[in-house]
Amino acid sequence: MQDAVLGDYFFIQALENGVQVIGLTRGSETKFHHLEKLDKGEVMVVQFTDHTSAMKIRGKAVLYTKHGQISPSEK
Ligand code: TRP
């Protein structure tokens, strides 16, 4: 569990100002615990932890993960 959780880093690069990276808690209650704001071009290196089981990303950003690159689609 420890390796699975802590072993995985990925990168979030903001494509516009004010992109929000919201950390959500692990466990029976899923709550926001962290809000990070990124400006255009800024990169955040993140991982899932004992504390963080999910993230919500608001705004245009590219995610680089071991599963591939995830880009926003224009709709
Ligand atoms: N204190 C948080 C934790 O250890 C920091 C953190 C890790 C975080 N990954 C994150 C915050 C992803 C926001 C998004 O879990």
Side-chain angles (χ1 to χ4, degrees):
M1 174 68 171
Q2 207 64 345
D3 284 352
V5 171
L6 297 176
D8 218 5
Y9 282 90
F10 66 95
F11 305 86
I12 302 166
Q13 183 168 37
L15 298 179
E16 63 183 4
N17 289 339
V19 167
Q20 298 183 356
V21 179
I22 299 159
L24 300 162
T25 54
R26 186 175 296 283
S28 53
E29 284 189 64
T30 308
K31 293 186 172 166
F32 286 19
H33 69 72
H34 188 96
L35 172 64
E36 193 69 34
K37 289 188 182 160
L38 304 180
D39 282 333
K40 189 172 181 176
E42 284 185 325
V43 174
M44 189 170 172
V45 182
V46 290
Q47 62 184 161
F48 292 103
T49 67
D50 284 346
H51 223 71
T52 305
S53 67
M55 288 168 224
K56 174 169 170 172
I57 294 154
R58 227 179 236 158
K60 282 190 193 165
V62 186
L63 272 63
Y64 299 91
T65 79
K66 71 176 182 192
H67 306 289
Q69 186 178 320
I70 300 159
S71 308
S73 63
E74 292 289 345
K75 284 208 174 163

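Nearest heavy atoms, A61 versus V19: CB-CG1, 4.0 Å.
Legend: residues meeting side chain to side chain contact (heavy atoms under 4.5 Å, CB included) with K31, ordered by chain and number and at least two apart, are T25, E29. With sequence neighbours left out, F11 forms a ring-ring contact (aromatic ring centres under 6.0 Å, His included) with no residue at all. Under the side chain to side chain contact (heavy atoms under 4.5 Å, CB included) criterion, S71 pairs with V62, Q69, sequence neighbours left out. Checked against salt bridge (Lys or Arg N to Asp or Glu O under 4.0 Å), K60 has the following partners two or more places apart in sequence or in another chain: E74. Evaluation of the side chain to side chain contact (heavy atoms under 4.5 Å, CB included) rule for T30 yields L24 as partners, not counting sequence neighbours. Applying the side chain to side chain donor-acceptor pair (under 3.5 Å) rule to K40 yields no partners; only residues at least two apart in sequence or on another chain are considered.
Once rounded to the nearest 0.5 Å, the distance linking CZ of R58 with CG of L38 reads 13.5 Å. Between atom CD1 of residue I57 and atom CG of residue L63 there is a gap of 4.0 Å, rounded to the nearest 0.5 Å. Here the OG1 atom belonging to T65 is positioned 10.5 Å from the CD1 atom belonging to I12, to the nearest 0.5 angstrom. Taken to the nearest 0.5 Å, the CE atom of M44 stands 4.5 Å off from the CD atom of E36. If you take CE on M55 and CD on Q47, they are separated by 8.5 Å, rounding to the nearest 0.5 Å. We find the CZ-NZ distance between F32 and K56 to be 4.5 Å, quoted to the nearest 0.5 Å.
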Would F48 and R26 satisfy side chain to side chain contact (heavy atoms under 4.5 Å, CB included), going step by step from the backbone distance to the final call? CA-CA 9 Å; F48 292 103; R26 186 175 296 283; 4.2 Å; yes
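Note on L35 and V46: separate hydrophobic clusters, where clusters join Ile, Leu, Val, Met, Phe, Trp and Tyr whose side-chain heavy atoms are under 4.5 Å apart, directly or indirectly. Residue V43 is grouped with residue Y9 when hydrophobic side chains (ILVMFWY) are merged at heavy-atom distances under 4.5 angstrom, including chains of intermediate members.
Between the side chain of D39 and the main chain of G18, a donor-acceptor pair closer than 3.5 Å is present.
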